[in-house]
Number of protein chains: 2
Amino acid sequence: MAIERRPLREQIRDELMLRLGRGDFAADTDINEAALAGELGVSRTPLREALITLAGEGVLQSNQGRGFRFAPVSRQEFRELCDIVAALEALALRRSDPAYLERAAPQLLRLAEEFTADVAERQHIEHHDDEWHDLLLGGCTNERLLDLITSVKAGMRRYTHLLSGETTLMERAAEEHRRIAERLMAGDLEGAAEALRDNWVNGMERMISQLP
Amino acid sequence: MAIERRPLREQIRDELMLRLGRGDFAADTDINEAALAGELGVSRTPLREALITLAGEGVLQSNQGRGFRFAPVSRQEFRELCDIVAALEALALRRSDPAYLERAAPQLLRLAEEFTADVAERQHIEHHDDEWHDLLLGGCTNERLLDLITSVKAGMRRYTHLLSGETTLMERAAEEHRRIAERLMAGDLEGAAEALRDNWVNGMERMISQLP
DNA sequence: ACTATGAATTTTGAATACAAAATATTACAT
DNA sequence: ATGTAATATTTTGTATTCAAAATTCATAGT
């Protein structure tokens, strides 16, 4: 058996992202390092390392002498992030192995259709959406780009949980996923990339109307 | 007078990037934390924080139990990075305030021409190039995008110092800078964005031929 | 009652100490 | 001489301690 041995800072980072996704942390609120470390059962050192990592990804802000806090949310920033991810994912799609896309297209289409029917709770849906995008970009040959997308998406996690299970949003998204998959089935990469951009831009506008 | 008070980790990060730009660190070599901390006159704690930040930016790799090392260079990764920065800077240009670009265009053109004449040493040229791109994107309204570009470019710093003062490379770059500025003078944003992409793609191919 | 000033407390930032893992060295056997 | 096992040393990963900054609280003055 291969026992897991990862640095604590990474495990902590993951745990914090999980809690963030559950909406455990109020935005724009200071983090008490000692309290959080105690709660997680670790010392402040690896916790601070995780916090610094998250600050680098834009999830947290750090102020000299005042420690870390979850960055405040704003429609403006959400727009900026969507704009970035749209461009990056479109690029990733264009840099993907065509053979991979051909293979993945039917599966992507099937998942998009399952998605429409799925009436599971919000968190499950989010996971489903992430998985779909991962599958879509699984054939991208630019490793650095994939890492970057993961990192930028982490910064968006502060927003996703704010959008309480609006099933209409999700159904629209599923529809767009299907459009993307269909373009891929037709071998129309450029069309798929365009549809992918639309997916982000539309999703953005839909979601923004739900924010504070 | 406003005295500067930044966290040590940031100052250390900047110093390490400076040294990296000077070629002080051999790529693919382990970093000895105690030794480096001693050299910098700080303790291991803020040094490690800086190292973790740099690892997040892709400048360093970290391996469990083996610490940090400067990531190895490869043509493949350099291509990936150029591809990403090209897309991001083009996006930033498209998201810039047109009024700003109109104002900046003459200055960009002038700088590009000075650049051609400039026969200063490599490091100075690099700085000049950075400044030019900063001025070019200074009107971008997407703050997150600008941060991201800075971060990705940091990851490229490992490569720039490998390209020993090839003046022909620089002259070609200056020519392309002029082309971009000219498009902006003509109010042709899309043409400028295209020229910017070309600048990166051509620069990449030119540089790659110089790498190990 | 409200503000301003200063001490007490809390919290972060940085250094040091300790534990565990990895690397290097030595001793030994083939 | 070469390879392997045991041990010593180094180095990282984590915890703890200390110092400095920020915050809170109390008190005095208006």
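This structure is a prediction, so every number in the text was calculated from the model and none was measured.
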*OP1 or OP2 of C/dA15 sitting under 4.0 Å from any side-chain N/O of B/S43?*
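So the side-chain polar atoms of B/S43 do come within 4.0 Å of the phosphate oxygens OP1 or OP2 of C/dA15, strictly under.
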*Closer than 4.0 Å, any side-chain N/O of A/R5 to the OP1 or OP2 of C/dA22?*
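For A/R5, the contact criterion (side-chain N or O under 4.0 Å from OP1 or OP2 of C/dA22) is met.
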Could you tell me how far apart [X] ([atom1]) and [N] ([atom2]) are, to the nearest whole angstrom?
| X | N | atom1 | atom2 | result |
| --- | --- | --- | --- | --- |
| A/R44 | C/dA14 | CZ | P | 11 Å |
| B/E49 | C/dT12 | CD | P | 13 Å |
| B/L36 | C/dA15 | CG | P | 13 Å |
| B/E10 | C/dA14 | CD | P | 10 Å |
| A/L8 | D/dT12 | CG | C1' | 13 Å |
| B/L47 | D/dG13 | CG | P | 12 Å |
| A/N63 | C/dT12 | CG | C1' | 12 Å |
| A/D30 | C/dT11 | CG | P | 10 Å |

Go through [options] for me and flag the one nearest to the [X] side chain.
| X | options | result |
| --- | --- | --- |
| A/R48 | D/dA22, D/dT11, C/dT12 | C/dT12 |
| B/N32 | C/dA15, D/dA22, D/dT11 | D/dT11 |
| B/P46 | C/dG13, D/dA22, C/dA15 | C/dA15 |

*Look at the side chain of A/E49 and the backbone N and O of A/R9, then say whether any donor-acceptor pair between them is shorter than 3.5 Å.*
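A pair under 3.5 Å: no.
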Look at [X] together with [Y] and state whether they make a salt bridge at an N to O cut-off of under 4.0 Å.
| X | Y | answer |
| --- | --- | --- |
| B/D14 | B/R6 | yes |
| A/K153 | A/E89 | yes |
| A/E176 | A/R206 | yes |

*In this structure, which one of A/L47, A/L51, A/T53 forms a side chain to side chain contact (heavy atoms under 4.5 Å, CB included) with A/I12?*
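Checked A/L47, A/L51, A/T53 against A/I12; only one passes side chain to side chain contact (heavy atoms under 4.5 Å, CB included): A/L47.
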*asked:* Taking the nucleotide of DNA chain D with the nearest heavy atom to each, does A/Q64 or A/R9 sit closer to the 5' end?
replied: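 Between the two, 5'-proximity favours A/R9.
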*asked:* Assuming nearest nucleotide by heavy-atom distance, tell me which of A/E33 and B/G41 is located more 5' along DNA chain C.
replied: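 Its nearest nucleotide lies further toward 5', so the answer is A/E33.
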*For A/I31, which contact category applies under a 4.0 Å heavy-atom criterion: base, sugar-phosphate, or nothing?*
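Sugar-phosphate contact only - A/I31 comes under 4.0 Å of backbone atoms but never of a base.
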